[in-house]
Each structure stands twice: as structure tokens, then as C-alpha cells.
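Values below: every heavy atom of this structure, side chains too, minus hydrogens, waters and symmetry copies.
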Amino acid sequence: MAEENLNENILNETLKHLKDEYEKFSNENKIILDKHRELKKSFCSVYGVIRLLDMMLNIMNLDIPLDITNQIELLRSYSSDIFERQILEIEQEEE
């Protein structure tokens with residue numbers, strides 16, 4: 001009888017510990033997911049500004065040095081790739 005109570009207490013303590021660990025994990029996971037969502041929102045805003053800047057450069061006939069124009073186009077291209085993979089979660093096909 002005493003051994004049964006001991007085993008039951010050990011089982012209850014183990015279950016309580018597992019429940020506490022699961023709740024801790026769930027809370028940490030929620031925080032990470034919330035931060036991830038906020039990062040995605042922030043990147044979408046930055047990506048929009050980069051695209052706007054790139055479109056303005058293509059529309060306006062300003063005397064902007066070619067290396068700056070090339071860097072902006074490179075930034076737009078790179079951010080487009082990130083947007084597709086990380087935000088839209090579109091996998092690129094291997095060539």
C-alpha cells in the first residue's frame with residue numbers, strides 16, 4: 001500500500017512537472033510566433049518602400065549615378081527573393 005502511494009506520488013509529480021514544462025514551452029512558443037509575425041509585418045513595410053523607390057527611379061528622369069541605381073535594383077531584387085521565401089513561403093526551384 002505504501003509503495004502504491006509512493007508510485008502514485010511520483011507519477012503525480014512527474015505529470016505536474018511535464019504539464020509545467022509544456023505550459024512554459026507553449027508560452028515561449030507564442031512569444032516567438034508573435035515576434036515572427038511582427039518581423040514579417042515590418043519587413044513588408046520595408047519591402048514596400050524599396051519597391052516604391054525602385055519604381056520612382058525608373059519613372060523619373062533624374063541624373064542619379066549608375067552605381068546608386070544598380071544598388072537600389074540589387075536591393076529590390078534581393079528583398080523580393082526574401083519576401084517570396086520568408087513572407088509568402090514560396091520555395092524556389094533548383095536550377
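Qualifying side chain to side chain donor-acceptor pair (under 3.5 Å) partners for Ser80, counting only residues two or more places apart in sequence or in other chains: Tyr47. Taking the side chain to side chain contact (heavy atoms under 4.5 Å, CB included) definition, one finds that Thr14 meets it with Ile10, Leu18, sequence neighbours left out. Residues that satisfy the side chain to side chain donor-acceptor pair (under 3.5 Å) test with Lys16, not counting sequence neighbours, are Asp20. Partners of Asn27 by side chain to side chain contact (heavy atoms under 4.5 Å, CB included), not counting sequence neighbours: none found.
A distance of 8.0 Å separates CZ of Phe25 from CD1 of Ile32, quoted to the nearest 0.5 Å. Distance check: Gln71 CD to Leu66 CG gives 10.0 Å after rounding to the nearest 0.5 Å. One finds the CD1 atom of Ile72 at 4.5 Å from the CG atom of Leu57 (value rounded to the nearest 0.5 Å). Between the OG1 atom of Thr69 and the CG atom of Leu74 there is a distance of 12.5 Å, given to the nearest 0.5 Å. The CD1 atom of Ile64 lies 11.5 Å from the CG atom of Asn70; values are rounded to the nearest 0.5 Å. With rounding to the nearest 0.5 angstrom, the CD1 atom of Ile82 is 12.5 Å from the CG atom of Leu88.
Grouping the Ile, Leu, Val, Met, Phe, Trp and Tyr side chains by contacts below 4.5 angstrom, directly or via other members, places Tyr22 apart from Leu15. When the side chains of ILVMFWY residues are joined at heavy-atom separations under 4.5 Å, either directly or via intervening members, Leu62 and Met56 end up in a single hydrophobic cluster. Tracing side-chain contacts under 4.5 Å through hydrophobic residues (I, L, V, M, F, W, Y), one reaches Leu53 starting from Met60; they form part of the same cluster.
Note on residues 57-77: no pairs pass ring pair (Phe, Tyr, Trp, His ring centres under 6.0 Å), not counting sequence neighbours. Among pairs with a residue in residues 48-69, none fulfils ring pair (Phe, Tyr, Trp, His ring centres under 6.0 Å), at least two apart in sequence or across chains. Residue pairs meeting the salt bridge (Lys or Arg N to Asp or Glu O under 4.0 Å) criterion with at least one partner in residues 42-66, sequence neighbours excluded, are Asp54-Arg76.
Heavy atoms from other residues, nucleotides or ligands lying under 6.0 Å from CD of Glu21 number more than 12. Residue Glu4 places its CD atom among 12 or fewer non-hydrogen atoms of other residues, nucleotides or ligands, all under 6.0 Å distant. Other residues, nucleotides and ligands place more than 12 heavy atoms under 6.0 Å from the CE atom of Met55.
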Only distances under 3.5 Å count here; give the side-chain donor-acceptor pairs of residues 37-45 to other protein atoms, sequence neighbours excluded, each with its distance to 0.1 Å.
from  : atom 1 : to    : atom 2 : distance (Å)
Arg37 : NH1    : Asp34 : OD1    : 3.0
Glu38 : OE2    : Lys41 : NZ     : 3.4
Lys40 : NZ     : Glu89 : OE2    : 3.3
Ser42 : OG     : Glu38 : O      : 3.1
Ser45 : OG     : Lys41 : O      : 3.4

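Chaining together hydrophobic side chains whose heavy atoms lie under 4.5 Å apart places Val46 alongside Ile50, Leu75.
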